[in-house]
Amino acid sequence: LAAKHEEGRRTRLRLWSLDPVRLLLDVPEGTIADALEFDPTSRWLATGRRDGSLHLHELPSGREVATLPSGSAAHTVRFHPTRPLLAVSS
């Protein structure tokens, strides 16, 4: 379960496992609401931040495995449906 909370321009993202119920990932303020995507296998979560960085998390652990520069704030991130590619729109 992914849940976001927006208050003005501040956004926080939390990812929960439902069986058993536990918090997997708590992404700090700065995540852009539209810039998150689960890959087709649900093994990865990509998030775009207002500072222009992209973050890749391994699931279900929630461990951040990569931080990538995008140059400007990402508005949309999308995984390719069959290949290990990530598209970013800013």
Side-chain angles (χ1 to χ4, degrees):
L1 172 68
K4 70 175 181 172
H5 172 72
E6 291 186 62
E7 187 174 307
R9 291 186 50 87
R10 296 171 49 167
T11 304
R12 183 172 204 95
L13 172 69
R14 289 187 172 160
L15 183 66
W16 295 86
S17 168
L18 298 179
D19 187 23
V21 175
R22 66 185 170 101
L23 182 64
L24 296 176
L25 180 63
D26 188 3
V27 178
E29 179 182 319
T31 301
I32 296 173
D34 293 333
L36 73 105
E37 173 85 348
F38 292 94
D39 84 310
T41 67
S42 297
R43 182 173 176 211
W44 306 103
L45 172 68
T47 61
R49 307 244 178 114
R50 294 186 198 284
D51 67 1
S53 62
L54 299 169
H55 298 259
L56 186 63
H57 299 271
E58 186 272 330
L59 300 175
S61 73
R63 182 175 61 95
E64 186 174 305
V65 295
T67 301
L68 310 167
S70 71
S72 60
H75 294 286
T76 307
V77 292
R78 293 290 180 262
F79 282 98
H80 188 280
T82 59
R83 297 180 63 201
L85 299 172
L86 181 65
V88 180
S89 168
S90 55

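Any value given below was found using the heavy atoms of this structure, including those in side chains, with hydrogens, waters and symmetry copies removed. Small disclaimer: the values here were computed from a predicted structure and weren't measured.
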Q.
Holding to side-chain contact (heavy atoms from CB on, under 4.5 Å), I want the full list of residues that pass it with S42, two or more places apart in sequence or in another chain.
A. none
Q: Starting at OG of S17, measure out to CG of L25 and round the result to the nearest 0.5 Å.
A: 12.5 Å
Q) Do you know the tightest heavy-atom contact between P40 and P81? A) CG-O, 3.5 Å
Q.
Could you work out, with side-chain contact (heavy atoms from CB on, under 4.5 Å) as the rule, every residue matching L23, not counting sequence neighbours?
A. R14, W16, D26
(Q) Using side-chain heavy atoms (C-beta onward) and a distance below 4.5 Å, is V77 in contact with L86? (A) yes
Q | Point-to-point distance, once rounded to the nearest 0.5 Å, from CZ of R22 to CG of L15 | A | 10.0 Å
Q) Who are the side-chain contact (heavy atoms from CB on, under 4.5 Å) partners of L56, not counting sequence neighbours? A) W44, A46, V65, A66, F79
Q.
Once side-chain hydrogen bond (donor to acceptor under 3.5 Å, both in side chains) is applied, do any residues pair with H57, and if so which ones, sequence neighbours excluded?
A. none
Q.
So which atom in D39 and which in R43 form the shortest heavy-atom distance, rounded to 0.1 Å?
A. OD1-N, 2.7 Å
Q: Check whether any side-chain heavy atom of T47 sits under 4.5 Å from a side-chain heavy atom of L54, and report yes or no.
A: no
Q: Could you pull out all residues at least two apart from S72 that satisfy side-chain contact (heavy atoms from CB on, under 4.5 Å)?
A: S90
Q. In chain order, what residues pass the side-chain hydrogen bond (donor to acceptor under 3.5 Å, both in side chains) check against E58, with sequence neighbours excluded?
A. S61
Q: Decide yes or no on side chain to side chain contact (heavy atoms under 4.5 Å, CB included) for V88 and T76, but give the supporting numbers first.
A: CA-CA 6 Å; V88 180; T76 307; over 6 Å; no
